[in-house]
There are 2 protein chains.
Amino acid sequence: MHRNKILEDIEVDYLYHLGLDSSMNLKALFGNVKFVCMGGSPDRAYEFVKKIQERSDKTLIIEQFGKTERTSLYKIGNVISMSHGMGMPSILIFLHEITKLLEYAGCIDYIFLRLGTSGGIGIEPGTLVLTTEAVNSNFKAVFDHQVLDKTYSFPTNLDSKLIARIQSCVKTTSRLVLGKTLGTDDFYEGQGRLDGALAPLYTDIEKHDYLQRAFMMGVRNIEMESTAFAAFCVRADIPSVIICVALINRLNGDQITSTKEEMKHYTDNLLDFVAGFVYDQSDCIK
Amino acid sequence: MHRNKILEDIEVDYLYHLGLDSSMNLKALFGNVKFVCMGGSPDRAYEFVKKIQERSDKTLIIEQFGKTERTSLYKIGNVISMSHGMGMPSILIFLHEITKLLEYAGCIDYIFLRLGTSGGIGIEPGTLVLTTEAVNSNFKAVFDHQVLDKTYSFPTNLDSKLIARIQSCVKTTSRLVLGKTLGTDDFYEGQGRLDGALAPLYTDIEKHDYLQRAFMMGVRNIEMESTAFAAFCVRADIPSVIICVALINRLNGDQITSTKEEMKHYTDNLLDFVAGFVYDQSDCIK
C-alpha cells in the first residue's frame, strides 16, 4: 500500500504542512479522490472548486481541510484542489504529504494535475501550454535533486496517454499549444529577467540568445515547479500533467503588465479548461 | 540609487508578487523603513507586528499593503514584516521585489532579518539558533545559483557586527545558540527524513551519519532559505541575520510531533526575541 515501507511502522504520521494526520479517518474524508489539482496560489485553488461546483448539475459541497498557514486544501466530489506555493522545494513538500494522505485514505487510480501560471516563449499571453516534457535550465528532461551529499538526476517524462486524453478535450476555440516547459529555481535571474534588484550577470543579448535557444529546443513556457513535479510523479508512478497559462511573451519583455481584468481572463481560461476536463472524466461530479 | 542600473529606465516597475508598483508614492508609504523582517508564514508575519505593537508605548498602527495571494506584507513604524513562502526560489522572489521597493522608497541603512522555523541538530526543541554561516548540503558556505545555463557559487557570509549586536541582546533566560545553518532545497529527502512518500534513497545509518557529520561541522539547524537569503544580502550589500527556532531535534527523529501549544510557545520565543532586538534598536517604535 505504501510506496515507502517505513510508513507502515509509524503509529501516527503528522502531515505537518497540511495540518492533517493519519490518526484521522482519512478513508472517510478522502477515500474517493481521483483528481488532485494543484497550483501556486490559494485563491486559484478556491476558484477552481467553485468552477467545478458551478458546472455540476448535482448539489456539491466544497469542504476545506487542514491548516491554512502553508496551503489551502479544498475538496469537492472526488476532486482535491490545493495550493503548493512557489518553487520546487515548496511543491515537493505538498507532493510528499498529499501522496501519503491518499495512501492512508486507500485511494487508487488517481491523477495529479498542475495548473500554473507561466511566462510564455513565442506565444501570446492567455495561451495555454500543455507540457510534453519538463526540462531543466540546460534543456534536459531531468530534475536534478540534491539528497544529502549526492545529486540525483531523475527523469521527468509526463504521461503520454493522459496528454492525449486532455488533447481530445480541446475545442477549436481553445488557445492551447503543446510544448516543453522549462522549470527554474528563480523567477528573476534564473529566467533571464533583467529587471531584478541586483546588477545583471548577463547582457540583453545573452538573455535573448538563451530564450531563443529555448524556443528552438521546443520550450514554450517557463515556470518554477515542472521538473520537480514531473520527476516526483514518475518516481511515485502517478499519471500527471502540467497545464499552464502564459501571462506574458518573454520574447517581448520581462514585466507582467497585464491588468487585473486581463489576468483574471487568462487564469479563468486555464481553470475553465481543466475544470471541463475533470468534469468530463468524472461521473461523480457530473 | 539602484543596484541594477537598468531599473532607472523602466517607467513603471510592477513588483508582481507584492502587488505594488513604482508609480505609487512608495517614498511616502515606506520611506522610513529600517527593518525588514521575513519568515515563511503569513500568520507569523502578522503575529510579529502585533508583538511590536504590544511592546511599544506609542500608539502604532499596523498597515497591510499589496495583494495577499503570494505574501502578506505588514508595516508598523519603521518595520516591515512579511512572509516569503517556503524554499529558496520563493524567498528570492520577495528579496528582489522588497529590495526594489526600498530603493524606490529612497530607504537607507536598512537591515534584513529572517525569522524561521527549522529542524535542530543536537539541540532541544524551542532553542533559537543565530546563524553564523549558511551552508549548502556539502557544508560549504556558498549558494549554488543556476542562472541561464551557468551555475554560480555565491558566498553566504552573514554580517558579524550585526550578529554581535544581536548576541548582546541575549538575556540569560534565552535559549540561544550560535551555529551554522544548513539550507536545503527539500524538506524530506533533502534533509534526510525517512518519512517521505517515496522509497528512501538512503538507509537509516546513512541518514544518521550525515546528520552527525553536519553536527561535527558546526551545523545546529536545517531550513530551506538560508543560503539564498545570505547570498542575496551579500550581493546586495544589505546587513542581514537569520534567527530560527528549532521545532525538533533531528538526531532524535523526523516527525514534528509538538502540540499546537508547544509550537506556539516555540515561535513566540522567536518572535519575542526578535521583536525585543528591533525595539531596542529603533527609536521610532519605542
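Residue numbers begin at 1 in each chain, while the letters A, B, ... track the order of the sequences.
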Colleague: At under 4.5 Å between heavy atoms, what parts of residues 1-10 of chain A are in contact with chain B? List them by residue number.
Modeller: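 Residues in range: A/R3, A/N4, A/I6, A/L7, A/I10.
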
Colleague: Under a 4.5 Å cutoff for heavy-atom pairs, which residue among B/G190, B/S41, B/G87 has the most contacts with chain A?
Modeller: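 It is B/S41.
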
Colleague: Would you find more than 12 non-hydrogen atoms of other residues, nucleotides or ligands less than 6.0 Å from B/K140 atom NZ?
Modeller: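 Atom NZ in B/K140 is not crowded, with 12 or fewer foreign heavy atoms closer than 6.0 Å.
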
Colleague: I'd like to verify something: which residue of B/A214, B/A228, B/P200 has the highest number of heavy-atom pairs under 4.5 Å with chain A?
Modeller: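 That would be B/P200.
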
Colleague: Select, from A/D21, A/D13, A/T68, the one with the greatest count of heavy-atom pairs under 4.5 Å involving chain B.
Modeller: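 Maximum pair count with chain B is reached by A/D13.
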
Colleague: Go through the atoms of B/F94 and report whether side chain, backbone, both or neither lie under 4.5 Å from a heavy atom of chain A.
Modeller: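 Contact with chain A is through the side chain of B/F94 alone.
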
Colleague: For A/I91, is it the side chain, the backbone, both or neither that has a heavy atom under 4.5 Å from a heavy atom of chain B?
Modeller: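 No part of A/I91 comes within 4.5 Å of chain B.
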
Colleague: Tell me, side chain or backbone of B/Y14 under 4.5 Å from chain A's heavy atoms, or both, or neither?
Modeller: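 Both parts, backbone and side chain.
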
Colleague: Among B/T99, B/L194, B/T151, which residue forms the greatest number of heavy-atom pairs with chain A at distances under 4.5 Å?
Modeller: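 Ranked by contacts with chain A, first place is B/L194.
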
Colleague: Measure across A/D149 and B/S137 and return the closest heavy-atom pair with its distance rounded to 0.1 Å.
Modeller: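 Smallest heavy-atom distance, with atoms named: CB-O, 4.1 Å.
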
Colleague: Give me the contact list for residues 254-264 of chain A versus chain B, heavy atoms only, anything under 4.5 Å, ordered by residue number.
Modeller: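 From residues 254-264 of chain A, the residues near chain B are A/Q255, A/I256, A/T257, A/M263.
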
Colleague: Tell me, out of A/L148, A/I98, A/D185, A/D195, who's got the most heavy-atom pairs with chain B below 4.5 Å.
Modeller: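 The answer is A/L148.
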
Colleague: What residues, two or more places apart in sequence or in another chain, satisfy salt bridge (charged side-chain N to carboxylate O under 4.0 Å, His left out) together with A/R235?
Modeller: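 A/R235 satisfies salt bridge (charged side-chain N to carboxylate O under 4.0 Å, His left out) with B/E189 once adjacent residues are dropped.
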
Colleague: With respect to chain A, which residue among B/S83, B/A199, B/G85, B/G196 yields the maximal number of heavy-atom pairs within a distance under 4.5 Å?
Modeller: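 Between B/S83, B/A199, B/G85, B/G196, the count favours B/G196.
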
Colleague: For chain A, find which of B/Q191, B/H145, B/E103, B/K150 contributes the most heavy-atom pairs closer than 4.5 angstrom.
Modeller: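 Among the listed options, the one with the most contacts to chain A is B/H145.
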
Colleague: Within residues 201-213 of chain B, which residues come under 4.5 Å of chain A, heavy atom to heavy atom?
Modeller: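 Residues in range: B/L201, B/Y202, B/E206, B/K207, B/Y210, B/R213.
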
Colleague: Which heavy atom of B/M224 sits nearest a heavy atom of A/P89, and at what distance?
Modeller: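 Of all heavy-atom pairs spanning B/M224 and A/P89, the closest is CE-CB, 3.5 Å.
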
Colleague: Indicate yes or no: at least one non-hydrogen side-chain atom of A/F232 is less than 4.5 angstrom from one of B/L198.
Modeller: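 SC-SC contact between A/F232 and B/L198 confirmed.
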
Colleague: Over 60° means perpendicular and under 30° means parallel, so tell me whether A/F187 and B/H17 are parallel, tilted or perpendicular.
Modeller: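 Correct class here is perpendicular.
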
Colleague: Please state whether the side chain, the backbone, both or neither of B/L247 comes within less than 4.5 Å of a heavy atom of chain A.
Modeller: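 Just its side chain gets close to chain A.
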
Colleague: Of all of B/M88, B/Q146, B/M86, which one pairs up most often with chain A through heavy atoms under 4.5 Å apart?
Modeller: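 Among B/M88, B/Q146, B/M86, the one with the most close pairs to chain A is B/M86.
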
